[in-house]
Amino acid sequence: MLILVTGAGGFIGHCLVKKLKADGETVIAADWKYPEFERSPADRFFNVDLRYKEETEAIFRSCGQFDEVYNLAANMGGMGFIENYRALIMRDSVLISTNVLEAARKYQARRFFYSSSACAYNTELQKDLNNPALSEDMAYPAMPEAGYGWEKLFSELLCQYFREDYGLVTRVARYHNVYGPNGTWRGGREKAPAAMCRKVILTASKGEIEIWGDGKQQRSFMFIDDCVEGTLKIMRGDYPHPLNLGSDELVEINHLADIAMSFEKKHLTKKYIEGPLGVRGRNSDNSLIQKVLGWRPSISLNTGLEKTYFWIKGEIETLRAQGVGLEASSEIPEVTDKRYVG
Ligand code: GKE
């Protein structure tokens with residue numbers, strides 16, 4: 001098949017391209033940046049800015065009719081980023097989502113996939129610890145994560161209306177905090193799993209690591225291989241409405257840090273500091289995806305985090321050998337690239 005993956009310079013997009021190439025597909029990649037850690041195996045890589053209609057359409061004009069379009073492009077990151085750049089994220093991602101969807105319609109793509117997020121869920125339902133897992137109907141009445149979450153809901157609805165009004169076959173997954181090798185692990189856009197690994201790796205035993213908040217926040221974290229496999233399942237299935245794609249293995253951030261420490265038997269103390277917290281508790285209810293697609297994630301947090309930990313450790317050793325200084329503590333990213341604020 002001829003397949004387009006936007007956001008192919010990002011973590012999940014790049015891993016999806018690798019899987020599709022391994023399956024023997026013809027894969028066109030598009031992003032304003034190349035993958036951070038390794039070369040893209042795509043048959044062609046359009047280094048374009050999908051916020052602009054012309055640049056987006058040029059891909060479709062040049063490649064012809066796609067069998068599948070996966071729109072994973074967005075300006076996003078972990079809480080350190082999405083809490084500090086709401087206008088930027090919402091403006092950029094609404095433009096990207098709209099341009100890619102419209103081009104897919106105009107050039108008659110056979111199927112369209114959009115990566116939504118657990119941040120689309122009503123935050124009022126995520127205020128308690130040991131909270132109920134989020135099922136798909138809990139996005140409305142709407143009160144999603146500020147900025148980022150509203151763009152996700154907007155784009156979900158746009159996919160629904162393009163299906164209803166134009167007959168475009170659209171599929172939507174709500175990703176729940178995806179992590180793994182090749183994921184961003186420093187610079188401020190990283191999410192908690194990579195952040196905990198980096199902090200533990202860069203802190204000598206008996207030292208201390210910083211944790212935002214009280215560490216009692218709860219999340220579930222889905223390993224990248226499960227995310228890629230579930231994405232293909234949803235794209236190629238017949239269920240047209242948004243589906244959770246996440247792990248239902250609930251973990252407290254304090255315990256996430258303990259798991260990271262266990263890999264090299266480090267005993268570090270936790271220093272609780274101010275930071276962007278997001279919701280108090282969030283988990284994925286996987287009963288609907290199991291019912292409609294017979295699918296559930298298969299990689300445990302311990303297994304996935306260990307792979308991630310030692311991959312990050314390898315990256316750190318490579319950078320250290322190049323004389324790059326590295327910080328354990330998290331930073332809030334300074335967005336200086338002019339395209340982001342253009
Ligand atoms: N990133 C990060 N870095 N989070 C930390 C840190 C740290 O050093 N220390 C503690 N935390 C806490 C955060 O305060 C938050 O309560 C929890 O870990 C998870 O933060 P996160 O992984 O950055 O992001 P969230 O799960 O809150 O939200 C993310 O959800 C995804 C979908 O599930 C979003 O930022 C998006 O990346 C995405 O929509």
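Just so it is clear, the values below take in all heavy atoms, side chains as well, and ignore hydrogens, waters and symmetry mates. Nothing fancy with the numbering, it's 1 onward along the sequence. When a ligand or atom number is given, it counts from 1 through the structure's own listing order.
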Subject >> ligand 1 contact by Lys199, heavy-atom criterion under 4.0 angstrom >> reply: yes
Original post:
Heavy atom of Glu210 under 4.0 Å from ligand 1?
Top reply: no
Would you mind telling me if ligand 1 is within reach of the side chain of [X], the backbone, both or neither, using heavy atoms under 4.0 Å?
X	result
Glu145	neither
Lys152	neither
Tyr148	side chain
Asn177	both
Arg282	side chain
Arg219	side chain

Original post:
Taking Asn122 for the side chain and Pro141 for the main chain, is one N or O donor matched with an acceptor at less than 3.5 Å?
Top reply: yes
Subject >> Any donor-acceptor pair under 3.5 Å from Arg111 side chain to Met235 backbone >> reply: yes
Who's the nearest protein heavy-atom neighbour of [atom], and how far?
atom	value
atom 39 (O) of ligand 1	Ser117 OG, 2.6 Å
atom 10 (C) of ligand 1	Trp212 N, 3.3 Å
atom 12 (C) of ligand 1	Gln217 NE2, 3.7 Å
atom 16 (O) of ligand 1	Leu277 O, 2.6 Å

**OP:** Determine, for Tyr121 and Arg174, whether the Lys NZ or Arg CZ falls below 6.0 Å from the six-membered ring centre while staying within 45 degrees of the axis.
**Re:** yes
Original post:
Counting heavy atoms only, which of Gly275, Pro276, Ala192 comes nearest to atom 13 (C) of ligand 1?
Top reply: Pro276
Interfacing atoms of ligand 1 (cut-off 4.0 Å, heavy-atom, [X]):
X	answer
Met76	37 (O)
Ala195	3 (N), 7 (C), 8 (O)
Gly78	23 (O), 35 (O), 37 (O)
Tyr175	32 (C), 33 (O)
Ala118	33 (O)
Ile82	34 (C), 35 (O)
His176	33 (O)

Taking distance alone, with no angle check, do [X] and ligand 1 share an N/O pair under 3.5 Å?
X	value
Glu190	yes
Ile253	no
Gly77	yes
Met79	yes

Could you tell me if the side chain of [Y] sits less than 4.5 Å from the side chain of [X], heavy atoms only?
X	Y	value
Tyr34	Ser40	no
Met79	Leu277	no
Trp32	Arg51	yes
Ser262	Tyr309	no

**OP:** Begin with the C-alpha distance, continue with both residues' side-chain angles, and end with the deciding distance and a verdict on salt bridge (Lys or Arg N to Asp or Glu O under 4.0 Å) for Lys19 and Asp225.
**Re:** CA-CA 9 Å; Lys19 166 67 176 147; Asp225 294 1; over 6 Å; no
Do other residues, nucleotides or ligands put more than 12 heavy atoms under 6.0 Å from the [atom1] atom of [X]?
X	atom1	result
Met143	CE	no
Lys270	NZ	yes
Glu274	CD	no

**OP:** Begin from the C-alpha positions of Arg186 and Glu315 and carry the test salt bridge (Lys or Arg N to Asp or Glu O under 4.0 Å) through to its verdict.
**Re:** CA-CA 11 Å; Arg186 63 180 174 134; Glu315 290 298 308; over 6 Å; no
Original post:
Quick check, are the ring centers of Tyr107 and Phe66 under 6.0 angstrom apart?
Top reply: no
**OP:** Carefully, step by step, assess Lys53 and Glu57 under the rule salt bridge (Lys or Arg N to Asp or Glu O under 4.0 Å).
**Re:** CA-CA 6 Å; Lys53 189 168 184 287; Glu57 286 210 5; 3.1 Å; yes
